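Below is one structure, written out as structure tokens; the observations come after it.
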Amino acid sequence: MKGYRDCVVKVDLTKGSVVKEALNKEYIKKYLGGEGYGIALLWAEAPHDAKPLSPENILSFNTGPLTGTPTPSASRTSVCFFSPLTNTIGASNMGSHFGAELKFAGYDSIVFKGRSEKPVYLLIDDNKVELRDASHLWGKDTRETTEAILHEQGKDFKVSCIGQSGEKLSSLACIFSDDCFAGRGGAGAVMGSKNLKAVAVRGSGSVEVADKDAFMKAYRKANRELREETYTWGPVHGYGTPAWVGGSNDFGLLPTRNMLQNQFEKIANVLPHMLWNDTDKYDVRRRACYACQLGCHKYVTMGDIEVGEMEYESLAAFGPRCGVDDYESICMAGYYTTLYGFDTISGGATISAIMEWYEKGIITKDDTDGLEMNFGNGPAMVEMIRKMGLREGCGDVFADGSYAAALKIGRNAMDYVMAVKGMEISATDPRGSSSMTIAFGTSERGACHMRPYSATIDAFGYLYTDIGVTEPKDPFSDSEDKSWLKAVKEMFVVTNLAGICDFNVINTEMTATTLAEILSATTGAEIDKADLLRTAERVIALERALNYERGFRRKDDRLPKRFMTEPASGGPPKGRTADVDSALDRFYEACSFDKELAVPVIEKYLELDMEDVGKEIYR
């Protein structure tokens with residue numbers, strides 16, 4: 001099929017060998033590409049009980065059939081692995097230009113196994129693929145590493161790399177690429193455990209489509225759908241994702257002070273125009289990933305400091321979640337996570353947990369190197385983030401996230417950890433959206449805002465008629481039928497398989513029908529929206545199977561008790577708590593999951609043509 005380059009680079013770091021192989025056609029047939037291909041690799045080619053930081057773990061970079069085409073936002077690369085943060089499957093999706101460049105060089109995926117004896121990086125220059133010594137790069141931050149490789153090899157290479165956080169095996173470590181990140185789950189730590197500092201790629205080819213006329217027709221249709229969604233093409237195009245912060249606060253969805261509250265009384269100080277309009281202190285420029293017209297990335301410079309991208313999640317994590325309302329501290333915290341290469345969401349959430357532990361007397365200044373970690377103390381937050389990135393002093397205790405830190409601290413510290421499966425919940429309070437109760441709880445990689453971001457529908461009132469969401473949903477009913485949520489989740493997963501950005505669908509812009517038309521024109525295969533959703537359902541079923549093999553069950557699909565016992569403090573959900581068991585039952589029913597095992601029933605595996613997987617689970 002067109003859209004693929006039909007070549008995978010397989011690297012055995014222990015042996016120092018590099019081989020090229022054709023794509024596994026069975027993986028493509030069942031799972032399309034991108035995240036689906038990476039998860040198929042884990043199922044078929046890695047021990048299911050592999051330790052995340054062991055040489056047996058597989059780390060793969062996987063493009064989709066649309067990556068590198070002109071399709072809107074067709075920039076995405078799915079990085080797949082077993083996660084050191086959660087011990088679940090790891091699937092972290094990044095933009096930038098890296099994935100498109102990989103396709104231009106002639107490759108769909110890169111697969112790493114083993115562990116190098118010394119630091120290395122992988123150089124891909126069209127047909128030339130080789131491991132290079134990276135000893136001189138070890139110890140450098142993400143930007144220094146990128147600049148050094150570009151100086152050595154040429155400015156037109158695209159680089160993905162780790163900073164000190166990945167080298168020091170922080171479970172929060174990311175993979176950095178053009179100020180975009182494969183951000184959640186500790187992919188950077190897996191790179192660090194393999195002594196793999198970076199991947200640099202340059203390609204001179206292109207991605208062919210099967211039917212150019214049909215492709216351009218569907219492409220124009222997709223662009224219209226994106227531009228006709230007024231919020232996407234208005235505030236988000238203008239301010240980037242921070243455009244959501246005001247609405248999130250109004251609807252009672254904004255995590256505040258470690259989710260003790262769901263609205264921030266100082267919201268006026270952190271609205272995006274307060275950053276954009278303060279031109280004496282900040283310079284904000286739009287940046288876009290490959291083939292993106294939205295340009296949601298807003299690159300912030302503060303004096304001589306290149307802060308980097310300011311996203312909604314970073315702003316919410318280092319702002320309201322920590323009770324901080326000054327942009328200088330928020331920007332500096334984001335700056336350190338960028339330099340050292342670790343997750344802003346889990347980083348900010350961990351700081352907010354530290355602040356609650358500190359205020360409740362669970363930890364003291366003796367545990368924080370003298371820092372007064374009260375809510376609202378921006379400078380202390382910044383210094384703690386810096387320490388975490390380098391595992392310096394007390395930062396070593398907190399560098400693996402709030403869940404791991406609570407295990408070390410003991411006492412009742414775990415009561416204040418806002419995480420699922422060890423991954424910190426991102427910037428949406430589930431008391432304001434029943435569907436997010438399920439999205440966070442049942443995400444196969446741990447609490448995740450994009451599996452799916454369904455508050456768009458039940459809290460904000462969007463419809464998604466093309467996949468059956470034809471009437472408003474109640475954001476406060478946990479016992480309501482959740483079949484609609486199953487379809488929305490599958491649609492979000494489809495974007496990761498195809499290689500396009502979730503922002504094509506987050507406000508229900510691009511329809512499943514249009515995406516199927518683009519894929520059909522690209523690949524030459526006949527694909528409809530039902531095929532797409534069924535493929536995503538298979539990937540989810542395979543991820544569930546891997547997690548089951550690693551010991552996960554229904555008990556792991558639950559939220560922290562705060563959301564069940566402490567009512568929302570303000571906004572539309574004021575007074576509401578979550579009924580997690582009712583919500584889980586309704587979603588499991590919609591997905592045909594066994595209600596205790598938390599995997600599809602054997603009949604569902606058979607229906608999905610996954611008999612081998614079903615037999616492995618129900619052996």
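Heavy atoms only: backbone and side chains are in, while hydrogens, waters and symmetry mates are out. Predicted, not measured: the structure shown is a model, and the values here were computed from it.
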Under a 4.5 Å cut-off applied to non-hydrogen side-chain atoms, are Arg576 and Ser434 in contact?
yes
Does a side-chain heavy-atom distance below 4.5 Å link Asn258 with Arg562?
yes
Other residues, nucleotides and ligands only: do more than 12 of their heavy atoms fall within 6.0 Å of NZ on Lys408?
yes
Do the side chains of Asn195 and Trp138 get nearer than 4.5 Å, heavy atoms only?
yes
Tell me, please, which residues at least two apart from Arg544 pass salt bridge (Lys or Arg N to Asp or Glu O under 4.0 Å).
Glu444, Asp557
Looking at Lys595, I want to see if its NZ is surrounded by more than 12 non-hydrogen atoms of other residues, nucleotides or ligands under 6.0 Å.
yes
With sequence neighbours excluded, tell me which residues meet ring pair (Phe, Tyr, Trp, His ring centres under 6.0 Å) with Tyr403.
none
Would one find more than 12 heavy atoms of other residues, nucleotides or ligands at under 6.0 Å from atom NZ of Lys387?
yes
Sequence neighbours excluded, the answer for ring pair (Phe, Tyr, Trp, His ring centres under 6.0 Å) partners of Phe587 is none
Determine whether Met384 and Cys394 make a side-chain contact, defined as any pair of heavy atoms from C-beta on separated by less than 4.5 Å.
yes
Which heavy atom of Cys174 sits nearest a heavy atom of Ile162, and at what distance?
O-CG2, 3.7 Å
Shortest non-hydrogen contact from Arg431 to Pro573?
O-CB, 3.3 Å
I'd like to check Ser592 versus Pro600 (side-chain heavy atoms, cut-off strictly below 4.5 Å). Are they in contact?
no
Pairs in or reaching into residues 357-397: which pass ring-ring contact (aromatic ring centres under 6.0 Å, His included), with residues at least two apart or in two chains?
none
So Trp484 and Asp458, do their side chains get closer than 4.5 Å, heavy atoms only?
yes
Look at the rings of Trp244 and Tyr312 and say which category their plane angle falls in: under 30° parallel, 30 to 60° tilted, over 60° perpendicular.
perpendicular
Can you name the ring pair (Phe, Tyr, Trp, His ring centres under 6.0 Å) partners of Phe61, sequence neighbours left out?
Phe98
Side-chain heavy atoms of Ser160 within contact of Met94, under 4.5 Å
yes
Please check: side-chain N/O of Asp400 versus main-chain N/O of Ser171, any donor-acceptor pairing under 3.5 Å?
yes
Side chains of Ile175 and Ser92, heavy atoms from C-beta outward: is any pair under 4.5 Å?
no
What pairs with Glu424 under salt bridge (Lys or Arg N to Asp or Glu O under 4.0 Å), at least two apart in sequence or on another chain?
none
Apply the side chain to side chain contact (heavy atoms under 4.5 Å, CB included) test between Tyr340 and each candidate in Gln164, Lys168, Met388, Arg391; give the one that qualifies.
Gln164
Hits for salt bridge (Lys or Arg N to Asp or Glu O under 4.0 Å) against Glu490, two or more places apart or cross-chain, chain-then-number order -> Lys486
Ignoring hydrogens and angles, tell me if any N or O in the side chain of Asp594 forms a donor-acceptor pair with the backbone of Val601 under 3.5 Å.
no
side-chain hydrogen bond (donor to acceptor under 3.5 Å, both in side chains) pairs touching residues 327-339, sequence neighbours excluded, are Asp326-Ser329
Using modelled atom types and a 3.5 Å cut-off, is there a donor and acceptor pairing between side-chain atoms of Arg76 and backbone atoms of Thr495?
no
Got a sec, which residues hit ring pair (Phe, Tyr, Trp, His ring centres under 6.0 Å) with Phe460, two or more places apart in sequence or on another chain?
Phe251
Listed once per pair and sorted, the side-chain hydrogen bond (donor to acceptor under 3.5 Å, both in side chains) pairs that draw on residues 179-194, sequence neighbours left out:
Arg143-Asp179, Arg184-Asp343, Arg184-Ser346
Strictly distance-based, threshold 3.5 Å: is any side-chain N or O of Asp474 a donor or acceptor partner for the main-chain N or O of Phe476?
yes
Smallest separation among heavy atoms of Ala447 and Met423, with atom names:
O-SD, 2.9 Å
Test of understanding: with side chain to side chain donor-acceptor pair (under 3.5 Å), list the residues that count as partners of Asn269, not counting sequence neighbours.
Asp325
Residues in salt bridge (Lys or Arg N to Asp or Glu O under 4.0 Å) contact with Asp415, at least two apart in sequence or another chain
Lys561
